[in-house]
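Below, read A as the first sequence line, B as the second, and so on, with proteins coming before strands; counting in each chain starts at 1. Just so it is clear, the model here is predicted, and its values are computed rather than measured.
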Amino acid sequence: MTLHQQIKAASLAALQALYPEQAFELDQIAVNQTKPEFTGHYTVVLFPFVKTLRCKPNELGEKLGDYLLAHTSLFSAHQTVSGFLNLSIKDQVFTDLLLHNFNNPNFGKAAPKSKKVMLEYSSPNTNKPLHFGHLRNIFLGYATANILKNDGQEVIKANLVNDRGIHICKSMIAWQDYGNGATPSSTGIKGDHLVGDYYVRFNNEYKKQIAALVSQGMDATQAEKEAPIMQATQAMLRDWEKGDENVRQLWKMMNDWVYEGFNNTYARLGVDFDKYYFESNTYLLGKQLVESGLANGILYQKEDHSVWVDLSDEGLDQKLLLRGDGTSVYMTQDLGTAKLKYDDYGIDQSIYVIADEQNYHMQVLQIILKKLGEPCWKGIYHLSYGMVELPSGRMKSREGTVVDADDMMDEMIVLAKEQTEAAGKTEGFSDAELQDLYEMIGMGALKFYLLRVEPKKKMIFDPKESIDLHGFTATFIQYAHARICSILRRENLPIMPDSSHFQGFVASEKLTDAEGKLLLSLEQFPEVLKAAANEYSPAIVCNYAFGLAQLFNSFYDNHPIAKAATDEKKNLRLMLIVMTAQVLRQGMNLLGIRLPEKM
RNA sequence: GGUCCCGUAGCUCAUCUGGAUAGAGCGACAGCCUUCUAAGCUGUAGGUACUUGGUUCGAGUCCAAGCGGGAUCACCA
């Protein structure tokens, strides 16, 4: 049990004992961290009780505080200030925590529970490379999966690849018409970028053709339909659906280029997947669901044979599920895939990491599944995040106004190199070690930048301003970690020393304010991770880790560690920084951010 | 127009789910390296939490209305 929980429980028991005629609920008891301007670590708010108990807040505070001190071994002092009972935690509670956990790699890790979730993220289209916006999705998905695993859940990371459709054919047509047989190996261009180039090429040609038709007097919407390149693309899609061998071959070849590129990018990003779904395999699945829904009278059919669902009882509109010609739409596919995931793994929850532009779609998906009586509807959770925009607005790959993911990584690593060199911190590293360090710093900064904001909020990224390596950044946390490792090296201690290094240690000296603050923060790590899991929010971990690193830096500045006044203090502080480093590592590890031992 | 999301320091964000005088980072200004890494630390300036009402002992947080920004409401995905 965390201190926070213990204090709540103890306060409840105390109130119950002091006022046996009253009934109290755990939820009524608000326990907060004490504000820095007051003495104490945790604060019980007394106002909720003064009305029913008809007593003065300060009297209640005194009574409650006295009782807690007498009946628990948690507190050393209490003080009531204008309705708030401030409790000071005994040093021994903190030193016990430290002794038991300073080198515990499982501190903050929850016991396994029987909950199986699938978390779908990334889910790219295969017609263009990944951009900065996708990175938010990917980091968010990967980090959240780790956070849920840490919470004891079984997590299957899935990637639903959108590998078919008209947009894929656009790149194919452009390559066929203008590519002259270019391949990644013949051009030296990464596969996903090469295909993306032809997607842009398609749009350029398309625009030209429309303009030409319009100048001949055709109206714009007509021209959009009749542009020869669009006609050819639609024909290609039909051929694809028919299984035309040449088209399928071209399709497979170009998609393979893209996958090779994506795999390269995923590897650099440090993310992976347990299961891939391909829309070319699953896009027909939903049809069956829709047909049985039609047979059961849950859905209805119009004269043109198109199939619809009526959601007016949910306050929504009608939604098309099958076209008049029997082909499926986006929603149909998603219905099928949702069921497939459930059937494949018997999952309890199905999480979708998808941008907030699809909030409505996800809401409708769930409602339709519910109407169809598919049990998988219950577990659907849309982890919605705000889009990443440029100062000029949304990124449009069609218009080439995107910040490319691969370029971004390169730039971040260059930035890390420049700043490391500028700080004169390259001595004592081999070239390979430096390269690894730049990678850690650059990628760490990028990941942290995208994860530190609450997922729901949209972000604006200005490419002209590079991502900072100071302040609220991964670099700051990495630096704190490197400093700790440096001290341990000088003391000839491993990063994770076992208790034999501290034989015979007894904590008897009073903790300083800074020591207490660090320990208080360390103690909160498990509940922070719990909150991050409950709220699907890596940002909570970012904020916590930064706060902890801040506390450490401040502690470091005014407390000698290796040269502490007594052996006891030295050992205590060494254990304290070992634990701090371990918690920082574990927290950042959940976010996919590595911490160097030297920088 | 309907529905949903957002609005906190010049900028980027927190505020532990309703608690004390709203906190960090960047930027600005002023200090701190013969002592474990100055990518750091300490301090100063910076606020009508979009507005107006309401609920409450207590509201940035909950409710209502309005203002501003965004998303979405396709036989696109």
So for A:T473 and B:A39, does any side-chain atom that can act as donor or acceptor lie under 3.5 Å from a complementary atom in the base?
no

Go through the structure and list residues passing side chain to side chain donor-acceptor pair (under 3.5 Å) with [X], not counting sequence neighbours.
{"X": "A:T473", "answer": "none"}
{"X": "A:D334", "answer": "A:H361"}
{"X": "A:K425", "answer": "none"}
{"X": "A:Y206", "answer": "none"}

Any idea which of B:A39, B:A77, B:U21 is nearest the A:V329 side chain?
B:A77

So if I take every side-chain heavy atom of A:Y330 and compare against B:U37, B:A77, B:G25, which nucleotide ends up nearest?
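The answer is B:A77, which lies nearest to the side chain.
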
At a heavy-atom distance below 4.0 Å, what parts of [range] sit against RNA chain B?
{"range": "residues 417-425 of chain A", "result": "A:T420, A:K425"}
{"range": "residues 480-491 of chain A", "result": "A:A482, A:R483, A:S486, A:I487, A:R490"}
{"range": "residues 552-567 of chain A", "result": "A:N553, A:S554, A:Y556, A:D557, A:H559, A:P560, A:I561, A:A562, A:K563"}

Closest-nucleotide mapping onto RNA chain B: is A:E389 or A:H167 further toward the 5' terminus? I mean the 5' end.
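Comparing both residues, the 5'-ward one is A:E389.
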
Residues in ring pair (Phe, Tyr, Trp, His ring centres under 6.0 Å) contact with A:H559, at least two apart in sequence or another chain:
A:F555

Identify every side-chain donor-acceptor pair in residues 321-328 of chain A under 3.5 Å, counting partners at least two apart or on other chains, and give the distances.
from: A:R323; atom 1: NH1; to: A:T327; atom 2: OG1; distance (Å): 3.0
from: A:R323; atom 1: NH1; to: A:S328; atom 2: O; distance (Å): 3.2
from: A:D325; atom 1: OD1; to: A:T327; atom 2: N; distance (Å): 2.9
from: A:D325; atom 1: OD1; to: A:T327; atom 2: OG1; distance (Å): 2.7
from: A:S328; atom 1: OG; to: A:Y283; atom 2: O; distance (Å): 3.2

Is B:U72 paired to anything, Watson-Crick or G-U wobble with both distances less than 3.5 Å, and if yes, which nucleotide?
B:G2

Report the base-pairing partner of B:C32 (Watson-Crick or G-U wobble, both distances below 3.5 angstrom), or none.
B:G40

Only counting residues at least two apart or in another chain, list the ones meeting salt bridge (Lys or Arg N to Asp or Glu O under 4.0 Å) with A:E241.
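Listed in chain order: A:R164.
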
Partner set under salt bridge (Lys or Arg N to Asp or Glu O under 4.0 Å) for A:K517, not counting sequence neighbours
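Residues passing salt bridge (Lys or Arg N to Asp or Glu O under 4.0 Å) with A:K517: A:D513.
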
With the sugar-phosphate defined as primed atoms, P, OP1 and OP2, and the base as all remaining atoms, what B/S/- string results for nucleotides 6-19 of chain B, 5' to 3', for protein heavy atoms under 4.0 Å?
SS----SSS--B-B

